[in-house]
Amino acid sequence: MALRLYNTLTCRVEEFIPGGEKKDKIEDYPPVTIYSCGPTVYSYAHIGNFRTFLFNDLLRRYLKFRGFRLNHAMNITDIDDKTIAGARNEKISLRNFTGRFTGIFFENLKMLNAEDVEHVPRATESVDSMIDILTRLHEKGFIYTKEGSLYFSIEKFHAYGKLCRLDRSGIKTGLRYDTDEYEKDDVRDFALWKAEDDPDVSWDTPFGRGRPGWHIECSAMIRKIFRGTIDMHTGGVDLIFPHHENEIAQSEAAYGDKFVRHWVHVEHLLVDGAKMSKSKGNFYVLADLLEKGYSPRSIRYLLISAHYKKQMNFTLTGLEQAGQALARIDNFTARLKDRFSSPEDCKELRECIEVFYKNFTDSVDDDINISMGIGAFFDFIHAVNSLIDGDRLSAKDAAGVMDVLRDIDRVFGFIFFPGETKSSLDEKEIERLVNERNSAKEKKNFTEADTIRDSLLKEGIILEDTKSGTRWKLKK
RNA sequence: GGCGUCGUACCCAAACGGCUAAGGGGAAGGUCUGCAAAACCUUUAUUUACCGGUUCGAGUCCGGUCGACGCCUCCA
């Protein structure tokens, strides 16, 4: 089966074909070129933002899992009205201001176990490419000037509105436009370059000093990194219009070739059934949730677990349930550390593994149906648990299952692997106490045994007695 | 006002017209165990907001009603 993805441009699920030319084997495809709209670094990113960014991460991890090579860029929007206003408020340079929030953003992503992407361009470092676009658009007559600002004339670009679900007439008659606010010929036109109003955040161009409009930044960074047509462009649904529509217009008008083959948009996250807002008190950034004691793993699991094209309702209850689901997985990995006595390798296990891989890839190949993929994973855990209960696994089998977990975690990124402990007690000390408790148990001195168990529990270590001995795990 | 999405059990969430509507959480009973925990087994939607229609067959398609949400404006 091939990977199929919904394309906003065509409004349907399509096979994903990097380079636009179908190959027999995935390895034969050129590296997948992806551009993901990144954050505007004027404040802390909230969990709604992270749903989108974690989807990008899931998508890239799955592409790699399936054998595609990647060339993935996510930009940092470090110049726009909000970053300028923020820097001005704090009376610091734009660079210092955006640098701080950029740093926090990447720390957050790391905590959520998102992989680094290949390119992280910044708008302020891509002005030369913007000038190239402006020059070409100017030569081709798509630009007009008003009071030192450059605007893109939509009338001149006939394909405008081709991104799915766009009705040109609807845009024009939108009720909430305040046309008086603009100096544009047509309300749908957009600013490519804004006239200088602050010498500290201005660049020279053949068309005068100023700063970029928002939309041109992405077009410029894409051109700079990838040169021509890219395979995939991702972002939140709110960017479809006008941001992505405008990117298509200016890029295709300037260069003539197709801008993006496959558009992928992630639905919004709601919190407690409503849009996040500070007044409602349902506005969360990552630090808020960590303070409440939730783990980044739970947050990652929850934000990833629902289908990306569906609005998702975020609740603290949901986070707790995600934590419980992870605990089930953790118990499984802890169990795989036990001693396995079966002398023979289990044939059924091999079947389980095959079935799991097939179900998993079939599911996720289908427009990243990760919910079903996770379902397949729990089916696998269940099946293996049953085999363990029946004393069917050899030590080699158990190691094989561990390999499967490591392999699949290249996609999930939320499985915890024991051995990477950070307890205050070291492992030898724990083993010693476990042995001490076991000899107490043999002497039927249960009071002493329970005392040891309780004291370990206080250190965050849970003991479990099994047929093959006592195992310990870290408390969540 | 225009365009669009969605409404599946106590909660979260799959199911691309066709065997008994995945999976996770929670709950209940059982097995194992000194106890506990974990795991395993069993149970928890004759039914998919509601009303009609198309079809041999619909959660899935069509029409209507109610409800939630999004875009049309800076926004992941």
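Numbered from 1 within each chain, the chains take letters A, B, ... in sequence-line order. Quantities reported herein were computed from a predicted structural model and do not represent experimental measurements.
Every residue two or more places apart in sequence or in another chain that forms a side chain to side chain contact (heavy atoms under 4.5 Å, CB included) with A:N385 is listed here: A:F332, A:R335, A:I381, A:I388. For the side-chain hydrogen bond (donor to acceptor under 3.5 Å, both in side chains) test, residues two or more places apart in sequence or in another chain that qualify with A:D81 are A:R211. Residues that satisfy the side chain to side chain contact (heavy atoms under 4.5 Å, CB included) test with A:D198, not counting sequence neighbours, are A:R88, A:D200, A:V201. Under the side-chain hydrogen bond (donor to acceptor under 3.5 Å, both in side chains) criterion, A:S305 pairs with no residue at all, not counting sequence neighbours. With sequence neighbours excluded, the residues that form a salt bridge (charged side-chain N to carboxylate O under 4.0 Å, His left out) with A:K22 are A:E15. Applying the salt bridge (charged side-chain N to carboxylate O under 4.0 Å, His left out) rule to A:D465 yields the partners A:R437, A:K441; only residues at least two apart in sequence or on another chain are considered. Contacts of A:K458 classified as side chain to side chain contact (heavy atoms under 4.5 Å, CB included), with partners at least two apart in sequence or in another chain: none. Looking at residues two or more places apart in sequence or on another chain, you find no side chain to side chain contact (heavy atoms under 4.5 Å, CB included) involving A:S439.
Residue contacts shown for A:I388 are absent, as no nucleic acid heavy atom lies under 4.0 Å away.
Within 6.0 Å of atom CZ in A:R410, more than 12 heavy atoms from other residues, nucleotides or ligands are found, so the atom counts as buried in its surroundings.
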Within the sub-3.5 Å range, which N or O atoms of nucleotides 33-35 of chain B have a protein N or O partner, and how far apart are they?
{"from": "B:G34", "atom 1": "O6", "to": "A:R437", "atom 2": "NH2", "distance (Å)": "3.4"}
{"from": "B:G34", "atom 1": "N1", "to": "A:D450", "atom 2": "OD1", "distance (Å)": "3.1"}
{"from": "B:G34", "atom 1": "N2", "to": "A:D450", "atom 2": "OD2", "distance (Å)": "2.9"}
{"from": "B:C35", "atom 1": "O2", "to": "A:R453", "atom 2": "NH2", "distance (Å)": "2.7"}
{"from": "B:C35", "atom 1": "N3", "to": "A:R453", "atom 2": "NH1", "distance (Å)": "3.0"}
{"from": "B:C35", "atom 1": "N4", "to": "A:D465", "atom 2": "OD2", "distance (Å)": "2.8"}

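For residues 346-356 of chain A, the pairs satisfying side chain to side chain donor-acceptor pair (under 3.5 Å) are A:E348-A:R392, with sequence neighbours left out.
At a cut-off of 3.5 angstrom, the base of B:C6 holds no donor-acceptor pair with the side chain of A:Q311.
A:E464 has a carboxylate O that lies under 4.0 Å from a charged side-chain N of A:R471, or vice versa, which qualifies the two as a salt bridge.
In this entry the distance linking CG of A:L269 with P of B:C12 reads 14 Å, nearest Å. Atom CZ in A:R471 sits roughly 10 Å away from atom P in B:A38 (whole-Å rounding).
Here B:A15 is the nucleotide among B:C11, B:A22, B:A15 with the atom lying nearest to any side-chain atom of A:N369. In the set B:A39, B:G26, B:A14, B:A14 carries the atom at the smallest distance from any side-chain atom of A:A306.
Stems are defined here as 3 or more consecutive Watson-Crick or G-U wobble pairs with pairing distances under 3.5 Å; those involving RNA chain B are B:1-7 with B:66-72, B:10-12 with B:23-25, B:26-31 with B:39-44, B:49-53 with B:61-65.
For the segment residues 348-358 of chain A, no residue has any heavy atom less than 4.0 angstrom from an atom of RNA chain B.
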